[in-house]
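Atoms within a ligand are numbered from 1 in the order they appear, just like the ligands themselves. This structure is a prediction, so every number in the text was calculated from the model and none was measured.
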Amino acid sequence: MPPFLRYLVPLFLAAAAAAATSATATFVLEEATIESIHRAFADGELTSRGLVELYLHRIESLDPTLHAVVELDADGALAAADRADAALLLGSAALPPLHGIPVLIKDNIAAAGGLNATAGSLALVGSRPARDAGVVERLRSAGAVILGTASLSEWCNFRAPGVPAGWSPRGGQGLNPYVPSATTCSSSSGSAIAAAANMVAVTIGTETDGSIMCPSSFNSVVGIKPTVGLTSRAGVIIISPRMDTVGPICRTVSDAVNVLEAIVGYDPRDAEATRMASQYIPEGGYRQFLNIDGLRGKRIGILRKDFFRFPQGSIQEKVFGKHFDTMSQLGAILVDNLEIPSMKVINDAVQSGERALMLAEFKLSLNSYLSELATTPVRSLSEIIDFNNKHPVEERTAEFGQSYLVQSEATNGIGPTEERAITKLNKLCNEGLENIVQVNRLDAIVAPGASAHSLLAIGGYPAVTVPAGYTSDGVPFAICFGGLKGSEPKLIEISYSFEQATKVRRPPPVLQRCAI
Ligand SMILES: *[C@@H]1O[C@H](CO)[C@@H](O)[C@H](O)[C@H]1NC(C)=O
């Protein structure tokens with residue numbers, strides 16, 4: 001069978017299977033939002049159990065092709081859905097914001113009760129967390145149903161250079177549902193694929209440097225990378241406490257904002273960062289910034305030379321030109337042709353100090369995570385490296401080895417090298433984003449796709465990516481709005497207003513025919 005057909009056949013089978021399970025008259029699973037789901041609950045058209053079953057079925061049909069999911073906790077999810085349905089029947093009390101909503105969490109986030117958080121590695125299969133990750137606790141208390149784990153690039157793309165995006169020994173090779181030959185990008189690939197392909201409405205990703213923004217961009221979904229510390233990293237396998245953040249990947253800004261609101265807040269298990277960032281949480285939450293007129297009066301910086309370098313006459317050049325016109329018409333003040341002098345250094349992880357810091361921080365973070373597990377087959381990075389040596393996965397692991405893991409193991413905490421790196425990164429932040437925002441009195445900067453990932457990563461700055469277009473080959477690309485720490489309210493106003501004015505997202509073309 002030609003490769004193209006091999007890809008199509010399972011998708012058509014999925015479409016047929018999905019149509020056959022159509023359970024309700026008017027609820028549409030395709031592109032369902034938290035709001036449309038809640039409406040269907042309230043109208044008695046759908047139950048949380050029914051929704052979990054629909055998504056399980058769709059995952060069963062599509063995932064053998066797309067590889068977005070690592071594990072499902074069907075029993076746990078159905079039990080939680082039944083509790084949600086029972087609460088709805090009891091009536092009266094206000095239902096929590098994510099009431100009965102199934103969620104896939106990235107495979108580096110621990111959930112008590114059966115799911116294995118493994119960061120894609122076989123070494124961690126069978127590890128048991130003592131309790132939920134901080135964000136999972138918050139998801140559950142907001143009413144969410146934890147359905148399973150989403151695939152990722154192994155170790156959040158920190159195994160070695162050259163590891164294929166979206167690949168892990170546990171999840172296999174994730175596939176871009178729009179264009180199978182296109183990248184899924186790294187590292188929250190499964191979260192983005194699953195949201196894009198309507199395997200669920202809500203997924204959770206994590207980002208060190210690009211891992212929410214980039215897969216969101218390539219899979220035509222909305223990603224929020226919150227200010228570092230706004231969401232707890234407790235119980236999450238992270239690379240860098242300075243840069244790592246947990247955030248939603250959904251299909252709409254509104255859904256992502258609802259999830260963000262549910263997962264932010266102080267966590268004594270990630271005390272320092274979450275206490276610092278708590279000051280940024282607005283009274284009344286984030287949903288108030290879903291403002292259709294949110295672009296009006298916003299000063300948005302275009303780092304033209306740094307990020308908008310497209311071939312003349314290319315689709316991207318035209319599309320972003322049109323988007324800028326739309327934003328101006330909606331009252332945004334575009335401050336064009338800005339430039340950050342040190343951008344070359346910022347984009348070079350070795351020169352900026354980012355790599356050196358990540359290598360040292362990863363070992364500390366991982367060993368600390370492992371030490372908190374109730375049971376685990378491995379207790380240290382060194383044991384994981386041994387495991388990989390003893391269990392080579394497929395022939396391909398021989399190609400790229402595990403050099404980041406090995407280099408990380410060779411570090412020894414935060415010493416003089418790392419202190420120098422921190423000083424340099426701080427300087428790059430001050431001379432970079434902080435300076436350009438201050439001098440030009442910006443509310444946000446804009447960049448295509450994930451191109452500003454390092455600029456935003458090194459200072460723990462937030463970003464929102466929104467679908468912006470498709471290349472002539474059909475590969476999605478996003479627009480990204482970033483800003484200083486705590487600028488989520490402005491970024492939400494801008495991105496929601498942009499999304500509502502442009503409505504670029506469409507479901508993957510083949511999957512579109514899945515009528516449920
Ligand atoms: C987690 O791993 C264990 C050990 O391999 C396995 O028995 C269990 O089924 C896994 N959990 C899920 C939800 O797949």
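Here CE of Met243 is found 5.5 Å from CG of Leu357. Values are rounded to the nearest 0.5 Å. Atom CZ of Arg251 and atom CD1 of Ile249 lie 12.5 Å apart (nearest 0.5 Å).
Between the Ser121 side chain and the Thr118 main chain, no donor and acceptor come within less than 3.5 Å of each other.
Set against the non-hydrogen atoms of Leu72, the atoms of ligand 1 under 4.0 Å away are 13 (C).
Between Phe362 and Phe158, the distance separating the two ring centers is shorter than 6.0 angstrom.
For atom 14 (O) of ligand 1, the nearest protein heavy atom (residue, atom name, distance) is Glu71 CD, 3.2 Å. Summary of contacts: the protein heavy atom closest to atom 9 (O) of ligand 1 is Asn116 ND2, 5.0 Å.
Within 4.0 Å of atom 7 (O) of ligand 1, not a single protein heavy atom is present.
Between Gly114 and ligand 1, at least one N/O pair is under 3.5 Å apart.
Residue contacts with ligand 1, taken as heavy atom pairs separated by less than 4.0 Å, involve Val125 solely via side-chain atoms from C-beta onward.
Between Phe41 and His99, the ring planes lie perpendicular to each other; the angle is over 60°, past the 30° to 60° tilted range.
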